[in-house]
Structures are given as structure tokens and as C-alpha cells.
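These numbers were taken from a predicted model, which means no experiment stands behind them. Atom set for the values below is all heavy atoms of this structure, side chains included, hydrogens, waters and symmetry mates excluded. Remember, it's 1-based here, ligands and their atoms both numbered in the order they're listed.
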Amino acid sequence: MKEKLEQIKAEALKQIENSDALEKLNEIRINYLGKKGELTAVLKSMKDVAPHERPKIGQMVNDTREEIERVLEQHIGQMEKALREAKMKKEVIDVTLPGKKNNVGHRHPNTIALEEVERIFIGMGYEVVEGPEVEKDYYNFEALNIPKDHPARDEQDTFYITEDIVLRTQTSPVQVREMEKGKLPVRMIAPGRVFRSDEVDATHSPSFHQIEGLVVDKNITFADLKGTLAEFAKELFGEDTKVKFRPHHFPFTEPSAEVDVTCFKCGGKGCRFCKGSGWIEILGCGMVHPDVLKRCDIDPDEYSGFAFGVGLERIALLKYEIDDMRLLYENDSRFLKQF
Ligand code: DAH
């Protein structure tokens with residue numbers, strides 16, 4: 001019996017010594033000390049032992065149990081400590097490491113330019129409004145003095161959805177929608193996407209953006225138009241910017257003009273940007289045509305107004321000295337990161 005106990009102990013201690021995981025130690029506990037374990041089996045066989053030997057053998061079984069338990073606990077303790085230390089080592093935080101840079105997105109140059117234009121006009125008391133991109137022929141053309149046979153309607157320029165629904169080719173229809181509301185005076189800008197059936201190149205795209213402007217009130221004159229747009233150009237391109245109003249024609253304004261600004265790059269001497277002329281065209285404008293006012297139920301004898309249309313991409317390209325419009329649409333993050 002004694003030898004058997006010695007043997008059990010030696011075997012258990014050897015297994016404990018060789019085990020490398022907590023689960024294994026638990027298994028050993030069950031195998032030796034559990035209800036169906038080897039030591040319990042020995043206890044059960046006590047009935048075969050001579051009665052006077054029983055206390056001694058009992059004591060030996062207890063000693064063996066205690067010894068195995070003690071060594072087990074010791075190993076479990078060591079193993080848990082090692083695990084804890086490994087975990088701490090793995091999770092250690094080096095507060096001296098440089099921080100991770102948070103990559104937030106960049107605003108698109110178009111967005112930056114638009115916000116700048118909006119800021120300027122809001123500062124002058126304008127409201128920002130929007131109109132639909134899919135537009136009735138009436139608003140895009142008819143109401144703006146562009147009848148059915150007008151060359152501006154050339155199918156090459158316009159995407160038709162149906163015979164009388166188009167993708168708007170300009171933001172000017174928002175003028176009509178705003179005036180139709182019948183709330184006067186009007187002082188608004190309307191930014192938005194426009195569509196033309198153009199081939200893509202450095203200065204053209206089938207989809208681009210315009211910012212429409214409209215003021216309607218009593219006693220609005222061309223002087224108001226000039227003053228407003230000169231102020232706008234100076235705020236956008238710098239105090240020294242000069243503006244030039246060149247006579248032009250638009251069906252919905254009379255008189256009409258195009259506005260050039262002195263080249264911000266060369267100051268007017270002539271350079272690559274202004275193609276040697278010293279001037280850069282930035283928008284179209286004019287006094288709202290009386291027929292357009294009439295169609296919106298506004299009496300041209302009582303009210304007058306001015307309107308303008310700015311190409312947003314053009315402003316962004318000029319402001320950031322980008323020489324190819326395609327860069328604005330490709331969304332290459334190496335390009336966008338620069339703004
Ligand atoms: N809608 C014109 C275009 O797309 C631009 C324009 C010119 C708008 C004169 C206006 C304006 O409001 O008065 O070319």
C-alpha cells in the first residue's frame with residue numbers, strides 16, 4: 001500500500017512538473033484527487049487493510065493528497081503569474097511613441113470655392129436657394145427668352161429626358177422659379193450642377209457647376225450690377241483686382257455683359273494664365289429682360305433687376321492655379337490633399 005502511494009505521488013508530481021498549461025494541471029487534479037481519482041480509489045480499498053493498519057495508511061493517503069495539492073497549487077500560481085506577466089508585456093503602452101495621425105478628409109476645391117462665393121454674397125444680404133437638376137424645358141429655355149428654334153437649344157448641347165424635360169444646361173431657370181414665388185424684393189444666389197453634352201477635355205465636362213445670382217427690386221440699375229460684381233471680384237481675388245464689363249448677348253438679359261478681372265497671377269501684364277491678355281473672364285451678367293419679368297408676373301415698369309452666372313469650376317481653377325478641369329473630377333487623393 002505504501003509503495004503504491006509513493007508511486008502515485010511520484011507519478012503525479014512528475015506529470016505536474018511536465019505540464020505546461022493550466023488545463024493540464026486541472027486534469028491532473030481530477031485524475032488524482034477527484035471522486036474517481038487514483039487516491040480516492042486507494043481510500044476505497046481501505047476495507048482490505050487490516051484494521052490496526054488503517055489509521056497509518058489513512059494518514060499516508062492524506063499526506064500524499066496534501067503533497068500533491070501543495071505542488072499543484074504552487075504550479076498553478078506560477079503559471080498564472082507567468083500568464084499575467086506575458087499579458088502585461090503584450091499590452092504595454094509606450095506613451096513616448098508619436099501619436100497616430102488621424103486622416104480626416106479634405107474639402108474639394110469646388111466646395112472651398114463655393115463656400116467662399118457664398119460667404120461673400122451672404123455678407124451682402126443674399127439668400128442661397130436651389131432648384132432641380134432635371135428641369136422643365138419651360139424654365140430652362142422658354143421662360144428665359146430661348147424659344148424652340150433658338151441655337152442654344154441645339155440637341156448637341158442639351159440632354160433631353162423627354163421632349164419637354166431636360167437636364168438643366170444652366171442655373172438660370174432658378175431665377176424664374178424664384179421670381180414666380182411672387183415674393184419681392186429678391187436677392188439670391190443659386191449654386192448647382194448643370195449638364196451639357198460636351199466632350200471631356202481640359203476646359204469642358206458634360207457636368208459642371210454654376211452659381212446663379214439674381215436681384216429684383218425697385219430702382220435696380222446697371223450701376224448696382226457693376227458695384228456688386230466689382231466688390232465680389234475684389235473679395236474673391238484681392239483688393240487690387242480691376243473689373244471690365246464687356247458688352248455681350250444673353251437672351252434673358254438686356255443689356256448683357258461679360259466680366260473680366262485683371263489676371264491675379266501677372267497683375268495684368270500678360271502671362272500663361274491669361275493667355276497674354278492680362279484679363280480673365282469670370283462670369284456673364286445683365287439686366288433682367290422685361291419679358292422674363294413679365295412672364296413671372298412682375299411689372300417691369302415698377303421693378304427691375306440684374307442677374308449673373310458664374311462658372312464654379314472656373315473660379316476654383318483660377319483660385320488654385322489648376323490648369324486642367326479633369327483634375328477636379330478624378331478625385332485622386334494626391335491631388336485633393338493639396339487643398
Ligand atoms: N446662364 C448663362 C450660361 O450658362 C450664364 C449667365 C449669363 C447667367 C448672364 C446669367 C446672366 O444670370 O445674367 O452661360
Side-chain angles (χ1 to χ4, degrees), residues 114 117 121 126-133 135-147 150-154 156-159 166-180 186-198 203-217 220-230 232-233 243-261 280-293 295-296 298 300 303-315 325:
L114 173 60
V117 172
F121 281 106
Y126 285 59
E127 193 188 347
V128 181
V129 304
E130 277 179 26
E133 292 173 0
E135 184 57 285
K136 286 190 178 144
D137 179 289
Y138 174 77
Y139 288 106
N140 195 77
F141 293 128
E142 202 81 29
L144 294 165
N145 292 342
I146 308 171
H150 198 283
R153 280 169 168 259
D154 195 322
Q156 279 192 338
D157 300 328
T158 308
F159 289 113
V166 301
L167 294 185
R168 66 176 176 194
T169 59
Q170 48 187 359
T171 44
S172 304
V174 188
Q175 288 187 32
V176 182
R177 288 183 172 275
E178 203 55 27
M179 285 189 281
E180 269 189 352
V186 174
R187 206 180 289 129
M188 64 124 212
I189 55 168
R193 191 189 282 268
V194 300
F195 306 86
R196 286 182 201 180
S197 165
D198 278 330
T203 54
H204 291 88
S205 161
S207 155
F208 56 102
H209 300 78
Q210 291 185 332
I211 304 158
E212 195 75 16
L214 174 70
V215 171
V216 182
D217 202 348
I220 297 291
T221 68
F222 203 90
D224 298 307
L225 168 62
K226 279 185 78 174
T228 303
L229 294 181
F232 165 62
V243 290
K244 178 165 80 175
F245 287 74
R246 251 186 310 105
H248 201 76
H249 172 263
F250 295 106
F252 40 92
T253 45
E254 181 58 35
S256 306
E258 276 188 338
V259 172
D260 298 343
V261 293
I280 291 174
E281 184 221 313
I282 58 160
L283 58 85
C285 63
M287 301 306 292
V288 182
H289 197 290
D291 288 350
V292 176
L293 291 175
R295 243 177 244 116
C296 301
I298 297 172
Y303 284 93
S304 54
F306 67 79
F308 53 91
V310 189
L312 178 61
E313 278 78 0
R314 202 172 165 75
I315 301 287
M325 192 164 153

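Of the possible polar contacts, one joining the S304 side chain to the I220 backbone as a donor-acceptor pair under 3.5 Å is found. The backbone N or O of G286 lies less than 3.5 Å from no partner atom in the side chain of E254, so there is not a single donor-acceptor pair. Panel note: side chain T171, backbone G192; no donor-acceptor pair is recorded below 3.5 Å. Judged by distance alone, with hydrogens and angles left aside, the side-chain atoms of N140 form a donor-acceptor pair with the main-chain N or O of T169 at under 3.5 Å.
Considering backbone and side-chain atoms alike, T169 places every N or O at 3.5 Å or more from each N or O of ligand 1.
E142 has a carboxylate O that lies under 4.0 Å from a charged side-chain N of R153, or vice versa, which qualifies the two as a salt bridge.
Taking atom 1 (N) of ligand 1 as the reference point, the nearest protein heavy-atom neighbour is Q170 OE1, 2.8 Å. In terms of protein heavy-atom proximity, atom 12 (O) of ligand 1 is closest to E212 OE2, 2.6 Å.
Q170 and Q210 share no donor-acceptor pair across their side chains, judged by distance under 3.5 Å alone.
When each atom of ligand 1 is checked for a heavy atom of Q210 under 4.0 Å away, the hits are 3 (C), 4 (O). Listed by number with element, the atoms of ligand 1 under 4.0 Å from a non-hydrogen atom of G286 are 13 (O). Atoms of ligand 1 found under 4.0 Å from any heavy atom of S172 (numbered from 1 in listed order, with element): 1 (N), 8 (C). Numbered from 1 in the order shown, with element, the atoms of ligand 1 that lie under 4.0 Å from a heavy atom of T253 read 13 (O).
With a 6.0 Å cutoff to the six-membered ring centre and a 45° limit on the axis angle, R168 does not count as a cation-pi contact of Y139.
Distances from atom 6 (C) of ligand 1 to the heavy atoms of G309, G213, A307 put G309 nearest. Of the candidates H248, E258, R168, R196, it is R196 that places a heavy atom closest to atom 14 (O) of ligand 1.
Ligand 1 has F252 within reach: a non-hydrogen atom of the residue lies less than 4.0 Å from it.
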